[in-house]
Amino acid sequence: MKEVVCRFGRDLHLAGVATLPDPARADARAPLVLMLNAGLLHRVGPHRISVVLARKLAEAGIASFRFDIGGRGDSETGTDAGGDEQQAQADILDAMDFASRRFQVDRFVTFGLCSGADRGHAMALNDARIVGGILLDGHGFRTTGYYFKHYLPRLLRVSVWLNLLKRKLAREPADDVVAELNQRRPFGAREVVARELQTLVDRGARMLYVYTGGVSQEYYNYGGQFWDMFRELEPRGRIAVEYFPESDHTFTHAGDRGKMLNTVANWMRVNFQGAAG
Amino acid sequence: MTPFSFGTPGQALFGVYHAPNPTAARASAVLLCAPIGLEYMRTHYSMRLLANHLANAGLHVLRFDYRGTGDSSGSIGAEQMDCWVEDINLAAREICEIAATQDLAVCGLRAGALLAALAISQGATHPRRLVLWDPVVRGKSYLEDLRSMHVRKIGGRPDDSDELLGMRYPGDLRGVLESLDLAALIARVRADEFALVTSAERADYTDLANAARARWPQARSLYVEDPVDWRSIRGIDDARMTGPIIRAVAEALEANP
């Protein structure tokens, strides 16, 4: 395995690290895994998940490139105009173009947590070189099942009703349960995301969604929710969904993190190194 | 900012060099020693801001990741503390070589302060100035805080790993950390000047400031209020320090001799 520190980008403003398998082990069939920033964190990822995954994938013959979009981590902000999201997309495009030239790859799989998952999805819609996506706590929409699971335990608790009565008598604002539900990432309309996903699936892209208990208060709280959100998606074989209800959003528990990393590495092997690749 | 790797093959360290502003450049270098574990992640951007500030003031600055952390080689294992001390000495030589100077200041944040003091006390690195920023004063209390935060963060679930908040602390690393007391350690530190910058008024910082004054009569101690709370898990994944304390640390490092 070899790690290469890189400076690249239209203004040479971006920083990244490529993790390359030993030439004898490198799998020419496998796409390069492009690792995106999780929120404001730099490319190493929470609890070093991107570094550990990169080295694990290299052992299996798969190359990866983790980098910071402009303004994050060790990358400077680009000089061109445009909003944050436009610049982020331009930076991801720079990373793909750079990796294509430098490491002779023409297919990519994005890996991202939270906003990294959102950016990977948006980028995949615009660039057919992206043949797969690994989305950790990616987009989600509350379903009837979500509300049922979220509210039922609360409605059965006497303390909740007593609290509500107390607030009513004191003329205080309503319980914060509703307020907490209103704080979500902006995923847009469900129908639009469903159409976008269908476009990706029709194109032959393969997707792995991993959801954690860390977003259970916001939008995802049971194992089958993905298919309740996107009932119309076909064929389903190209999409894998895993649910880690005990894990927090950043996989702090060593057991959760290990399980997630194994899930991702196995999914890559099955989808891009096996018969399906 | 120039990212690069340095050190021996197989044990490479990731570093970022901040070149000085050419209009203010001087032959002085600063080595920044980052915290470890979750605090490394949550302070990464603040360390970048500090490095930019210092480079704008004309200093050569190096940030780097210890072995087993960030983008550097390896994973946390046995004798990790010895590796980290070696890494600090290596990084100090690297920035002095890049800047072509022996005029070095070292700044350590949180556990990075403890590691920096340990490395300097062993004699291979001799900075003119040592600045400690919200340092971990007693390794034992630090581990107790991490343990308590870890249990809260994972919701009290059983955990048979040796991790605390996502980083391994093998037995020997815990043992060394538990034995370290910065107030005792700085008596052996070979530096000409010393400054302490803290975001809170705490008894252990007062003890450290007193020990520093016994060692360096001119030792400076600054308190700059900052909302960062190292013992809280609230906002733990994205907390950053604010401008005033970063500027105070920069001023402590960049002052002319």
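Throughout, protein chains are lettered first and strands after them, A, B, ... in sequence-line order, and every chain is numbered starting at 1. Being a predicted model, the structure only gives us computed values, none of them experimental.
- Proximity of a side-chain donor or acceptor of R42(B) to a complementary backbone N or O of L41(A) within less than 3.5 Å is not detected.
- Ring pair H44(B)/H42(A) is parallel by interplanar angle, where below 30° counts as parallel and above 60° as perpendicular.
- Between E163(B) and A254(A), the closest heavy-atom pair is OE1-CB, 3.4 Å.
- Within the 4.5 angstrom heavy-atom criterion, no atom of R168(B) approaches chain A.
- R72(A) touches chain B through its backbone: at least one of N, CA, C or O sits under 4.5 Å from a heavy atom, while the side chain does not.
- The heavy-atom pair separating E3(A) from D71(B) by the smallest distance is OE1-O, 4.2 Å.
- Counting only distance, with no hydrogens or angles, the side chain of E76(A) and the backbone of M1(B) share a donor-acceptor pair below 3.5 Å.
- The part of Y45(B) that comes within reach of chain A is its side chain, from C-beta onward, which places non-hydrogen atoms under 4.5 angstrom from that chain.
- In the displayed structure, D97(A) atom CG is contacted under 6.0 Å by more than 12 heavy atoms of other residues, nucleotides or ligands.
- Ion pairing between a basic and an acidic side chain is recognised when a charged N comes within 4.0 Å of a carboxylate O; D248(A) and K153(B) show such pairing.
- By the neighbour-count criterion of 12 heavy atoms within 6.0 Å, atom CD of E225(B) is sparsely surrounded, having that number or fewer from other residues, nucleotides or ligands.
- Note: G45(A) leads G255(A), G16(A), A54(A), G45(A) in heavy-atom pairs under 4.5 Å with chain B.
- Residue M41(B) holds its CE atom at 9.5 Å from OG1 of T250(A), rounded to the nearest 0.5 Å.
- Judged by distance alone, with hydrogens and angles left aside, the side-chain atoms of R7(A) form no donor-acceptor pair with the main-chain N or O of P3(B) at under 3.5 Å.
- Taking S72(B), A12(B), A51(B), G37(B) one by one and counting their heavy-atom pairs under 4.5 Å with chain A, the maximum is reached by S72(B).
- In this structure, the portions of S5(B) lying under 4.5 Å from any heavy atom of chain A include both its backbone and its side chain.
- Here the side chain of R48(B) pairs a donor or acceptor atom with the backbone of G73(A) at under 3.5 angstrom.
- Residue S75(A) touches chain B through its backbone alone, counting heavy-atom pairs closer than 4.5 Å.
- Other residues, nucleotides and ligands contribute at most 12 non-hydrogen atoms within 6.0 Å of the CD atom of E79(B).
- Listed options M167(B), R63(B), M47(B) were ranked by heavy-atom pairs under 4.5 angstrom with chain A; first place goes to R63(B).
- At a 4.5 Å heavy-atom cutoff, S50(A) makes no contact with chain B through either its backbone or its side chain.
- For the pair R43(A) and F14(B), the distance from NZ or CZ to the six-membered ring centre is under 6.0 Å and the angle to the ring normal is within 45 degrees.
- Most heavy-atom pairs under 4.5 Å with chain B, from the set V52(A), D256(A), V4(A): that is D256(A).
- L38(B) is listed as a side-chain neighbour of H47(A), based on a closest heavy-atom distance under 4.5 Å.
- Contact count against chain B (heavy-atom pairs under 4.5 Å) is highest for D74(A) among V44(A), D74(A), T19(A).
- In summary, D65(B) and R48(A) do not engage in a salt bridge, as defined by a charged side-chain N under 4.0 Å from a carboxylate O.
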